[in-house]
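Quick caveat, the model's predicted, so the values are computed rather than measured. So that the names make sense, note that chain A is the first sequence line, chain B the second, and so on, each numbered from 1.
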Number of protein chains: 2
Amino acid sequence: MHRVTIADVARRAGVSTATVSRALSGGRKVSSDVAERVRAAATELGYEVNPIARALRVSRTDTVGMVVPSIRNPFFTALVESVEHALGADGKELLLCDAQSDPDTEAKRLDALVTRNVDGIIVSPCHGTDSTAAVQRTAERLPLVQLDRFVGGTSTDWVGVDDMAAMRAVLDHVRAGGARSAAYLGARLTNSSSELRHAGFGRHAEEFDLATDPQWTLLGDYSVEWGERAVGLLHDAGQLPDALVCADDLIALGAVRACRTRGIAVPDQVQVTGFDNIEFTRLAEPPLTTVDQPTRRIADEAVRLLADAAGGGSATRDAAHVALVPKLVVRDSTRAG
Amino acid sequence: MHRVTIADVARRAGVSTATVSRALSGGRKVSSDVAERVRAAATELGYEVNPIARALRVSRTDTVGMVVPSIRNPFFTALVESVEHALGADGKELLLCDAQSDPDTEAKRLDALVTRNVDGIIVSPCHGTDSTAAVQRTAERLPLVQLDRFVGGTSTDWVGVDDMAAMRAVLDHVRAGGARSAAYLGARLTNSSSELRHAGFGRHAEEFDLATDPQWTLLGDYSVEWGERAVGLLHDAGQLPDALVCADDLIALGAVRACRTRGIAVPDQVQVTGFDNIEFTRLAEPPLTTVDQPTRRIADEAVRLLADAAGGGSATRDAAHVALVPKLVVRDSTRAG
DNA sequence: AATTCGCTGGCAATCGATTACACGACTTGC
DNA sequence: GCAAGTCGTGTAATCGATTGCCAGCGAATT
């Protein structure tokens with residue numbers, strides 16, 4: 001067995017390889033009868049261009065790389081799915097890498113992608129500062145857009161949601177539901193989302209006159225376990241706030257669960273909110289009020305930016321920061337206003 | 001800017017490109033001082049081989065493709081993560097595709113992977129018969145191993161768990177917990193796992209003398225919604241069995257949830273079991289008893305088989321079917337024996 | 001009728017690596 | 001002392017496509 005090459009098609013159609021190439025990928029005009037003959041020969045032989053050979057020649061692979069902090073997190077899974085979908089429309093493929101929440105692994109993955117000549121990279125950096133160097137270096141070599149999170153000190157494209165605005169909507173909502181005080185169950189401030197959500201909570205709690213307390217700000221990681229543990233700490237310490245504002249849905253799921261095991265009524269005794277709107281929020285008891293991240297739109301936007309960057313000279317363009325405004329999804333873990 | 005090529009290194013080190021290639025990827029002996037000079041030149045210039053050019057020459061890309069039915073399903077996500085991990089150890093990359101549970105999309109993805117010269121393919125076919133043609137065709141061109149599910153009529157490698165044995169363990173367990181009757185909440189029999197788990201349920205329910213009823217066998221899809229709906233149907237129809245054996249965790253999560261909203265006590269009134277041991281099983285109320293799929297081992301085995309197939313002439317080897325025996329994970333949705 | 005133009009199609013270079021083959025120098029054996 | 005083998009290195013072909021440049025040819029222009 002031998003893979004069909006362009007030379008085979010050329011021979012069969014009685015033309016040169018140059019003509020076959022032009023007939024198929026239409027760089028230049030070819031007379032219609034020749035084009036027809038070539039197409040016929042190609043289909044008869046079952047010819048398909050060899051993307052490797054083409055990539056070597058034109059230095060373009062029609063592949064984009066994506067690096068996420070953890071594929072375990074359903075939010076990133078949803079993002080990956082959306083990106084895959086958006087790329088499919090452009091006839092591009094996705095090379096997916098998992099950074100395992102480790103900046104070193106992340107850097108390695110980024111390098112590997114550059115080496116592999118992907119056309120562009122979509123990355124959600126796992127760390128706000130430790131990821132900077134690798135992201136910066138990568139961005140100098142290739143079109144790169146950051147998704148959801150971003151690192152400080154670089155000027156690359158970014159698309160995500162307005163975390164501050166989202167927090168404002170959350171606090172507005174729990175306030176309307178009668179809360180007078182609120183705790184923040186978040187993640188250590190190692191990346192931009194964590195920081196912005198935390199900052200948003202602080203700023204808008206003040207705006208809406210919600211009582212807070214340094215002891216009510218608990219920072220761990222994005223996991224169910226941490227949510228459970230945090231509620232434990234809060235509960236054991238005594239007085240509970242009227243609302244538990246969580247930095248993501250996993251934490252919120254943990255929180256709700258801990259509330260139930262400890263007999264704390266949600267939302268009557270405390271209201272709980274999440275962030276991301278992953279699929280399992282519906283599954284909580286009660287279903288979580290949360291902030292919907294429009295992953296489809298985020299992905300579309302990212303792919304568009306990447307295409308733009310690949311088209312226009314990258315040096316001339318200004319970096320675009322696209323912040324979509326997320327919607328609050330009200331379910332039963334909060335009281336209706 | 002200009003990418004550093006092997007020629008640059010050669011010039012710098014004062015040798016030929018052939019020597020550079022040999023010095024770096026060590027095909028044949030090179031005198032140690034030359035090797036040293038070459039290595040020095042390479043690092044000074046920051047040279048890295050161009051994988052595209054190499055791939056064209058040696059027709060090997062060090063990339064394997066993976067196609068899963070749905071990246072939304074946490075079980076497959078876990079599988080992907082494990083495969084990524086296993087490949088990383090071999091210095092290979094993963095090209096991930098989502099078939100969106102559609103055999104046509106799946107076929108397209110498989111073709112795309114073949115065209116892209118991946119070294120091998122790992123696929124969990126979405127349909128037991130509709131996926132056959134594409135899988136077969138692909139397997140004729142490349143090393144291919146099926147994961148978890150497999151299609152009929154092909155003789156490719158496969159690795160997964162022994163679904164029948166798992167079902168036996170499940171039924172043994174619920175019987176020990178006092179169940180005398182059981183319902184099966186499954187998925188339509190469109191793929192091998194669905195069939196085997198269903199068959200396993202039937203066979204071993206008989207063995208353990210658990211009462212069943214055609215009306216207690218409900219087949220839908222792998223989703224939380226279906227689990228909820230199925231319990232609704234069962235409940236509305238009147239009498240409930242002592243155990244709800246679910247074909248996967250998503251269904252089980254839905255089932256448990258529906259039980260709670262309808263005031264059916266789990267596990268006292270009915271025991272509920274899942275399958276896969278996805279992360280969220282711990283989150284259910286009560287946490288789910290389920291069958292653990294050893295994704296790490298499955299992935300390792302798959303990668304090993306792929307490597308073997310790539311090494312030995314594919315024609316000579318017999319197809320290997322590796323069925324790992326899964327462990328039952330007992331949590332609180334069933335009664336301790 | 002001669003020149004120019006436009007259009008098609010072929011030749012050959014090119015992308016960046018790997019590797020078969022050749023070649024010279026040097027060792028070894030008889 | 002000469003043939004045979006070893007070893008290290010260079011030359012050039014090769015993988016399979018794309019594309020700059022040139023040639024031929026018919027139509028259009030002067």
| Is there a donor-acceptor pair under 3.5 Å between the side chain of B/Thr105 and the backbone N or O of B/Ser101? | no

| field | Side-chain donor or acceptor of A/Thr77 paired with backbone N/O of A/Ile71 under 3.5 Å | value | yes

| query | Is B/Thr5 near enough to C/dG16 that one of its side-chain N or O atoms lies under 4.0 angstrom from OP1 or OP2? | reply | no

| message | Give me each pair satisfying ring pair (Phe, Tyr, Trp, His ring centres under 6.0 Å) with a member in residues 125-157 of chain A, each pair once, sequence neighbours excluded. | response | A/Phe150-A/Trp158

| remark: Protein heavy-atom contacts under 4.0 Å, written 5' to 3' over nucleotides 23-28 of chain D as B (base), S (sugar-phosphate only) or - (none), form the string ------

| query | Nearest to the side chain of B/Ala53 - C/dG9, C/dG16, D/dA17? | reply | C/dG16

| request: Using heavy atoms and a sub-4.0 Å distance, could you list which residues of residues 17-25 of chain A are near DNA chain C? By number, please. | output: A/Ala18, A/Thr19, A/Arg22

| query | For residues 30-47 of chain A, which residues have at least one heavy atom under 4.0 Å from DNA chain C? | reply | A/Val30, A/Ser31, A/Val34

| message | Within residues 54-65 of chain A, which residues have any heavy atom lying less than 4.0 Å from an atom of DNA chain C? | response | A/Leu56, A/Arg57

| task | Check the side chains of A/Thr129 and A/Thr132 for a donor-acceptor pair under 3.5 angstrom, ignoring hydrogens and angles. | result | no

| Any side-chain donor near an acceptor of the partner, A/Thr156 and A/Gln146, under 3.5 Å | yes

| query | Taking CD1 from A/Ile6 and P from D/dT18, how many angstroms apart are they, rounded to a whole number? | reply | 5 Å

| field | Between P of D/dG16 and CZ of A/Arg3, the distance in whole Å | value | 8 Å

| query | Does the A/Ser192 side chain pair with the main chain of A/Val151, one donor and one acceptor, at a distance under 3.5 Å? | reply | no

| field | Whole-Å gap separating P (D/dC21) and CZ (A/Arg28) | value | 12 Å

| request: Indicate yes or no for a side-chain donor-acceptor contact from B/Asp90 to the backbone of B/Lys92 under 3.5 Å, with no hydrogens or angles considered. | output: no

| Lys/Arg N to Asp/Glu carboxylate O, B/Asp111 vs B/Arg137, below 4.0 Å | yes

| For A/Thr115, which residues count as a side-chain hydrogen bond (donor to acceptor under 3.5 Å, both in side chains) partner, sequence neighbours excluded? | B/Glu48

| request: For the pair B/Arg149 (side chain) and B/Asn191 (backbone), establish whether a donor and an acceptor sit closer than 3.5 Å, ignoring hydrogens and angles. | output: no

